**Q** 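A single structure is presented below for examination.
Numbers here simply count residues along the sequence, with the first being 1. Quantities reported herein were computed from a predicted structural model and do not represent experimental measurements.
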Amino acid sequence: MGLDAEVLAIGAFRRDLVEFLEYPADFYKNTRDGATVIVTVFQAVTSDLSYELASYFGIDAWDFNSHVLDPEKVDVDQLRDSEFSDRVETFLALKASGFTFYYLPNG
């Protein structure tokens with residue numbers, strides 16, 4: 001079975017996070033601080049990348065018990081050296097802001 005996957009982050013909106021969120025800044029002009037927002041942090045479009053992404057978070061892609069991710073267990077150095085490197089700063093900013101992260105496999 002083919003697989004693609006995403007790492008989503010859910011947390012409280014703050015103006016200083018706009019550059020790390022899903023949409024252009026003007027989309028958030030009426031968003032109140034504290035509103036819950038969802039951000040796609042990483043997207044893996046192939047099976048190989050999906051398994052690779054899961055491994056950076058120390059999980060098995062199909063272990064549903066581990067799909068709420070522990071951001072402290074991520075291998076940031078491997079992420080920085082991967083195809084996902086362009087989103088590492090987003091991950092770190094949202095992590096520092098207390099967002100919760102989820103691995104979502106699509107098989």
Side-chain angles (χ1 to χ4, degrees):
M1 167 182 359
L3 174 66
D4 63 85
E6 301 169 302
V7 169
L8 304 174
I10 300 176
F13 175 80
R14 291 191 344 233
R15 298 251 166 250
D16 62 321
L17 293 175
V18 166
E19 69 182 285
F20 302 108
L21 301 181
E22 193 83 13
Y23 304 104
D26 17 322
F27 284 49
Y28 296 99
K29 67 183 174 198
N30 296 321
T31 305
R32 65 176 168 36
D33 282 350
T36 300
V37 291
I38 302 169
V39 181
T40 302
V41 182
F42 300 108
Q43 289 184 314
V45 296
T46 68
S47 292
D48 288 343
L49 285 175
S50 298
Y51 288 108
E52 183 179 320
L53 181 59
S55 75
Y56 297 150
F57 284 87
I59 67 164
D60 178 284
W62 289 112
D63 178 4
F64 295 107
N65 298 301
S66 61
H67 286 176
V68 177
L69 301 171
D70 181 345
E72 298 304 321
K73 291 185 178 178
V74 69
D75 189 329
V76 175
D77 291 333
Q78 279 191 324
L79 272 173
R80 286 189 195 284
D81 291 336
S82 75
E83 182 166 316
F84 305 104
S85 62
D86 64 327
R87 301 288 291 163
V88 171
E89 295 310 313
T90 294
F91 167 74
L92 293 173
L94 298 177
K95 175 185 168 198
S97 296
F99 276 59
T100 303
F101 296 88
Y102 302 88
Y103 183 84
L104 179 62
N106 304 298

**Q** Following the transitive rule for hydrophobic clusters with a side-chain heavy-atom cut-off under 4.5 Å over Ile, Leu, Val, Met, Phe, Trp and Tyr, establish whether Val39 and Val68 coincide in one cluster.
**A** no
**Q** Could you check whether the rings of Tyr23 and Phe27 sit parallel, tilted or perpendicular, using 30° and 60° as the cut-offs?
**A** parallel
**Q** Looking at every heavy atom in both Ser82 and Glu52, which two are closest together, and how far apart are they?
**A** CB-OE2, 4.0 Å
**Q** Would you give the length of the straight line joining atom CZ of Phe13 to atom CD1 of Ile38, rounded to the nearest 0.5 angstrom?
**A**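 Taking CZ in Phe13 and CD1 in Ile38, the distance rounds to 14.5 Å.
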**Q** Do Tyr103 and Phe64 land in one hydrophobic cluster if side-chain heavy atoms of ILVMFWY residues count as linked below 4.5 Å?
**A** yes
**Q** I need the minimum non-hydrogen distance between Ser50 and Ala5, along with the two atoms involved.
**A** OG-N, 3.2 Å
**Q** Should Leu49 and Glu83 be marked as a side-chain contact (heavy atoms from CB on, under 4.5 Å) after you check the CA-CA gap, both sets of side-chain angles, and the distance that decides it?
**A** CA-CA 8 Å; Leu49 285 175; Glu83 182 166 316; 3.3 Å; yes
**Q** Is the gap between the ring centers of Phe57 and Phe91 under 6.0 Å?
**A** yes
**Q** Shortest non-hydrogen contact from Ala54 to Asp60?
**A** CB-C, 4.4 Å
**Q** Measuring only between side-chain heavy atoms, which start at C-beta, is Glu6 closer than 4.5 Å to Leu53?
**A** no
**Q** Minimum heavy-atom separation for Arg87 to Thr40, with atom names?
**A**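 That would be NH2-O, 2.8 Å.
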**Q** Working to the nearest 0.5 angstrom, can you tell me the gap between Leu94 CG and Ile10 CD1?
**A** 11.5 Å
**Q** Classify the ring geometry of Phe42 against Phe84: parallel below 30°, tilted from 30° to 60°, perpendicular beyond 60°.
**A** perpendicular
**Q** Does Leu21 share a hydrophobic cluster with Val7, counting links as ILVMFWY side-chain heavy atoms below 4.5 Å and allowing steps through other members?
**A** yes
**Q** Drop me the distance from Phe20's CZ to Leu92's CG, to the nearest 0.5 angstrom.
**A**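 CG of Leu92 is found 9.0 Å from CZ of Phe20.
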**Q** Please check: side-chain N/O of Ser55 versus main-chain N/O of Gly58, any donor-acceptor pairing under 3.5 Å?
**A** no
**Q** Heavy-atom distance under 4.5 Å between the side chains of Leu17 and Phe99, does that happen here?
**A**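 Counting from C-beta outward, Leu17 and Phe99 do come under 4.5 Å.
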**Q** Of all the heavy-atom pairs spanning Val74 and Pro71, show the shortest one and how long it is.
**A**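 Of all heavy-atom pairs spanning Val74 and Pro71, the closest is CG1-O, 3.2 Å.
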**Q** Does Trp62 share a hydrophobic cluster with Phe101, counting links as ILVMFWY side-chain heavy atoms below 4.5 Å and allowing steps through other members?
**A** yes
**Q** Looking at side-chain heavy atoms only, is the closest gap between Val41 and Leu8 below 4.5 Å?
**A** no
**Q** Minimum heavy-atom separation for Ser47 and Leu3, please, with both atom names.
**A**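 Heavy atoms of Ser47 and Leu3 come nearest at OG-N, 2.8 Å.
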**Q** Under the side chain to side chain donor-acceptor pair (under 3.5 Å) test, which residues partner Arg80, sequence neighbours left out?
**A**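 Per chain and number, Arg80 pairs via side chain to side chain donor-acceptor pair (under 3.5 Å) with Glu89.
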**Q** State whether the side chain of Ser85 and the backbone N or O of Asp81 hold a donor-acceptor pair below 3.5 Å, judged by distance alone.
**A**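 No, Ser85 side chain to Asp81 backbone: no donor-acceptor pair under 3.5 Å.
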**Q** Taking the side chain as C-beta and beyond, is there a heavy-atom pair between Thr46 and Asp4 under 4.5 Å?
**A** no
**Q** Could you tell me whether His67 and Tyr102 have their ring centroids closer than 6.0 angstrom?
**A** no
**Q** Is the side chain of Arg15 donor-acceptor paired with the backbone N or O of Tyr28 at a distance under 3.5 Å, no angle test?
**A** yes
